[in-house]
J.: 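One structure, pasted below without further comment.
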Amino acid sequence: MEIGRSSLRKQEKLRTRKDFEALKEHGKACRDPFFTVLVRAAVPDDPVQTTRYGIICSRKLHHSAVVRNRARRLITETFRLCKEIILPCSILVIPRRAMFGAKQQEVQEHLLRTLKKAGLTREKQTADIQSANS
RNA sequence: UGAACUGCAACGGCGGCCGCUUUGCUUUGCAAAGAGGAAAGUCCGGACUCCACAGGGCAGGAAGUCCUUCUUCAAGAAGGAUGUCGCGGGGGCAACCCCGCGGGAAGGAAAGCGCAACAGAGAACAGACCGCCGACCGUUUUCGGACGGCCGGCAAGGGUGAAACGGCGGUGUAAGAGACCACCGGGCUCCGGAGCGAUCCGGGCCGCAUGGCAAGCCCCUUCCGGAGCAAGGCCAAAUAGGGAACGAUGCCGUUGCCCGCGGCGUUACCAGUUCCGGGUUCUGGCCGCUUAGACAGAUGGUCGCCCCCGCGGAAACGCGGAGACAGAAUCCGGCUUAUGUUGCAGUUCGCUUU
RNA sequence: GGGCGUAUAGCUCAGUUGGUUAGAGCGCCACGUUGACAUCGUGGAGGUCGUAGAUUCGAGUUCUACUACGCCCA
């Protein structure tokens, strides 16, 4: 597995209002200085077992659309680069004000640390693959 | 040559790797296209769509000097002109005049209504506080007059105010006053001339009687039917089958209101029209929808080089930093607001040289 | 995206056709009353009227632009 050679499709995004409401109600919250993450393990009866993500970046966080767009794009890019080492689940990321102005590497660092805290990274289970690739 | 301000124009360039949206094709991929001057605020106008008509009146809204051009329903933009206001300079005792530069929601104040606090005697065809003058009475007297009271005349001086009912000099008078005169200013539905026109110039008349505010009401001229892509059209699914109004001098729609116009039918259940409620939902899909065209929302991430700045260095170069304001959602045009760097042009100021 | 509305004391609101010093209730502070508290009484503090510009002699009020907050739509 090599990081940086993956694509994202529409199926990997949370698209309906039901998905967002379910995550807001039943998701497990993990807080970070950069963002709040709501995670929920994949539905057992779902045969696809994909990792799906969503972002909430409302006008309340920042009035400038440019700043909000950059936050969204950085998070999307981080998911694209790191999706192979994340277990199948639904992730909802809500950026916080401290994240505005950060670089992509910093966002990736914070997101992986938060997901590792939640026990959703594949690092331990696939340590041999990681070492073999590196 | 430097600084400040104003206006206009362009916005980082190239390449590697990974990736996103749409379209097309010979479909495990390839090719093409992919944010702005403000995309913003939503302040205006138009296109477009619907409301079975768009007709009339009232209300409401927008614009407002003149000419030309662009545009053209209307707004709006550019250039020039006129008047006004502000600043600077000059003239004049002053009122005011002349010249230069600059500003813009620049119609009408003798159609009418309204307002002007406080101060001040008086604030709109006003006004006698301090004053000036005269007659009479009283006291006093150095016989010039002074003081007090009362009656009357006077808008010249002081003082108040944002604004005090033309300015200045003279004649005149008891004192004064456009009461009268010269000059200046002002007004006129007067006359003549110039100009397409706003308007200007000259003459005459008016002694000056009606000054300010219309981003107060209002009047005049021109224009505007209403709502807006969540407009609207087609298809599908689901829920409910509940409540209210309506029986033609009635209800609903059409514009806020009226007229007018259109729809609804008579057996009171059913059915119908409209409204409310309920259900579904980022409306379920497609069209509208775009040589960018999304519908959890694409136009990105990272690396290298060249541009810009700072430091070190003779240089090559090394290190660090910065590239503003800001992201389409039916489209187009205008206005306003946010803005860094570079280039060009204009104005003002400083320095140097001739 | 489109169409509207509001902003005045810590809170909820008044403020007339522009006019002197912007008011009311609750709250707050001090004093009195009480052994102490509540209640009550007296007094007081607290306002760049959301921001800036314009009109005017003079803007909470009129006009323009901006900011913040809120409501509606099929």
Side-chain angles (χ1 to χ4, degrees):
Chain A
M1 183 196 112
E2 40 184 324
I3 295 181
R5 199 65 185 277
S6 54
S7 66
L8 275 179
R9 295 190 176 182
K10 275 191 173 181
Q11 289 78 17
E12 298 174 66
K13 288 182 184 176
L14 296 174
R15 292 179 68 84
T16 65
R17 187 177 178 81
K18 273 183 185 172
D19 294 334
F20 281 84
E21 291 298 327
L23 260 177
K24 275 197 223 171
E25 202 161 336
H26 305 292
K28 180 182 169 187
C30 299
R31 295 178 71 96
D32 186 89
F34 271 22
F35 31 65
T36 301
V37 180
L38 292 170
V39 293
R40 190 188 186 193
V43 187
D45 54 354
D46 188 6
V48 184
Q49 293 285 318
T50 56
T51 299
R52 302 196 303 162
Y53 76 101
I55 305 166
I56 294 182
C57 189
S58 75
R59 200 182 169 84
K60 280 184 187 174
L61 275 122
H62 202 278
H63 65 275
S64 169
V66 173
V67 176
R68 280 183 276 121
N69 273 341
R70 170 148 182 95
R72 270 197 291 260
R73 283 165 183 161
L74 286 181
I75 293 170
T76 305
E77 184 72 12
T78 304
F79 266 104
R80 185 179 72 81
L81 293 173
C82 307
K83 69 175 205 172
E84 290 300 323
I85 58 172
I86 298 174
L87 288 172
C89 61
S90 297
I91 306 175
L92 179 58
V93 183
I94 304 171
R96 309 178 73 181
R97 283 173 184 253
M99 183 189 151
F100 298 141
K103 289 189 172 181
Q104 196 268 331
Q105 286 93 343
E106 299 178 85
V107 174
Q108 182 170 341
E109 191 180 323
H110 277 258
L111 185 69
L112 286 182
R113 189 196 306 160
T114 309
L115 290 178
K116 186 177 178 183
K117 214 183 297 176
L120 283 168
T121 55
R122 206 171 274 178
E123 256 178 309
K124 288 181 182 174
Q125 291 89 335
T126 64
D128 47 346
I129 303 176
Q130 286 271 330
S131 57
N133 275 331
S134 61

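In what follows, chains carry the letters A, B, and so on, assigned in the order in which the sequence lines appear, proteins first and then strands, with residues in each chain numbered from 1.
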J.: For A:Ser64, which contact category applies under a 4.0 Å heavy-atom criterion: base, sugar-phosphate, or nothing?
T.: sugar-phosphate
J.: Should B:U1 form a Watson-Crick or G-U wobble pair with both distances under 3.5 Å, which nucleotide is its partner?
T.: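 When the pairing criteria are applied, B:G350 turns out to be the nucleotide that pairs with B:U1.
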J.: Under a 3.5 Å cut-off for both distances, is B:U28 Watson-Crick or wobble paired, and to whom?
T.: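 In the structure as shown, B:U28 has no Watson-Crick or wobble partner.
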J.: Identify whether any heavy atom of A:Gln104 sits under 4.0 Å from a base atom; if not, whether one sits that close to sugar-phosphate; answer base, sugar-phosphate or nothing.
T.: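 Sugar-phosphate contact only.
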J.: Quick one: classify the glycosidic conformation of B:G144 as syn or anti, with syn meaning within 90° of 0.
T.: syn
J.: Can you tell which of B:C18, B:U302, B:G327 lies closest to the side chain of A:Glu77?
T.: B:C18
J.: When rounded to the nearest Å, what value does the distance between C1' atoms of B:G346 and B:C183 take?
T.: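 One C1' to the other, the span is 45 Å.
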J.: Using atom P in both nucleotides, what's the gap between C:C4 and B:G297 to the nearest angstrom?
T.: 32 Å
J.: Side chain of A:Ile56, heavy atoms from C-beta onward: which of B:C303, B:A35, B:A296 has the nearest atom to it?
T.: B:A296
J.: Provide the distance between the two C1' atoms, one in B:G340 and one in B:A38, to the nearest whole Å.
T.: 15 Å
J.: So that I can tick it off, tell me whether A:Glu77 and A:Arg73 are bridged by a salt bridge, with the cut-off set at under 4.0 angstrom between side-chain N and carboxylate O.
T.: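 Looking at A:Glu77 together with A:Arg73, the answer is no, because their closest N to O distance does not fall below 4.0 Å.
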J.: Treat a base pair as Watson-Crick or G-U wobble with both distances under 3.5 Å, then lay out RNA chain C in dot-bracket form, 5' to 3', with | for cross-strand pairs.
T.: ((((((((.[[[[.)...(...]]]].(((((.......))))).....[[[[[..)....]]]]]))))))).
J.: Please measure how far the P atom in B:A209 lies from the corresponding atom in B:A155, and state the result in whole Å.
T.: 13 Å
J.: For the side chain of A:Arg80 and the base of B:C18, is some donor closer than 3.5 Å to an acceptor across the two?
T.: yes
J.: For the side chain of A:Arg70, starting at C-beta, report the closest nucleotide among B:A326, B:G301, B:A328.
T.: B:G301
